[in-house]
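Here the structure comes first, spelled out in structure tokens, and everything after it is commentary.
Owing to the predicted nature of the structure, the values given are computational and were not obtained by experimental measurement. Throughout, residue positions are numbered sequentially from 1 according to the sequence presented.
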Amino acid sequence: MPHIGRVTNELSHLPIQWLGAHDHGEVVRQLDTEPRISCVIMGAGLDDKIRGDLVGVIAQMRPDLCLYLKDRSSGPDGLAPFVARIVENLVLRPQDRTAA
């Protein structure tokens with residue numbers, strides 16, 4: 001199974017709809033068609049030029065979104081914990097506060 005698929009399975013307990021994109025065209029398509037995107041978490045496996053391009057297009061098309069870029073030093077095994085921290089603390093927790 002590709003690494004990102006494994007990460008999605010590891011985090012399946014979180015009440016989040018996961019989207020994945022690895023290139024400019026797919027990012028643009030999702031930003032155009034998925035209005036419920038609430039944040040962007042980018043792994044470290046992409047080349048710097050591609051990461052830079054994706055950050056630029058996301059910031060231009062959806063300036064309301066926060067972007068989180070994973071460090072490279074924690075390696076591929078650091079992706080799931082990184083994503084979990086962001087989702088649990090910055091995506092879900094604020095929603096819990098407004099629902100109360």
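Note on Met61 and Ile50: same hydrophobic cluster, where clusters join Ile, Leu, Val, Met, Phe, Trp and Tyr whose side-chain heavy atoms are under 4.5 Å apart, directly or indirectly.
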_Chi angles and distances behind the side-chain contact (heavy atoms from CB on, under 4.5 Å) call for Ile16, Leu92_ = CA-CA 9 Å; Ile16 296 290; Leu92 296 177; 3.8 Å; yes
_Checking Lys49 against Asp47 for the salt bridge (charged side-chain N to carboxylate O under 4.0 Å, His left out) test, could you report, in this order, the C-alpha distance in whole Å, the side-chain angles of both residues, the deciding distance, and whether it holds?_
CA-CA 6 Å; Lys49 185 175 180 182; Asp47 174 84; over 6 Å; no
*asked:* Between Val55 and Val40, is the side-chain contact (heavy atoms from CB on, under 4.5 Å) condition met? List the steps.
replied: CA-CA 9 Å; Val55 167; Val40 175; over 6 Å; no
*Evaluate salt bridge (charged side-chain N to carboxylate O under 4.0 Å, His left out) for Asp48 paired with Arg72, printing each intermediate quantity in order.*
CA-CA 11 Å; Asp48 284 342; Arg72 288 200 167 106; 2.7 Å; yes
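For the atom pair CG (Leu19) and CD1 (Ile41), the distance works out to 11.5 Å, reported to the nearest 0.5 Å.
Shortest non-hydrogen contact noted between Leu65 and Ile37 is CD2-O, 3.3 Å. The two residues Glu34 and Gln17 come nearest to each other via the heavy atoms OE1-NE2, 4.4 Å. Nearest heavy atom pair, residue Leu54 against residue Met42, reads CB-CE, 3.8 Å. Of all non-hydrogen atoms in Pro81 and Asp77, the two that sit nearest each other are CD-O, 3.4 Å. Here the closest non-hydrogen pair linking Ile86 and Cys39 is CG2-SG, 4.5 Å.
A donor-acceptor pair under 3.5 Å is formed between the side chain of Asp71 and the backbone N or O of Ser74. Lys70 places a side-chain N or O within donor-acceptor distance of the main-chain N or O of Gly75, the cut-off being under 3.5 Å. The backbone N or O of Gly20 sits less than 3.5 Å from a side-chain atom of Gln30, completing a donor-acceptor pair.
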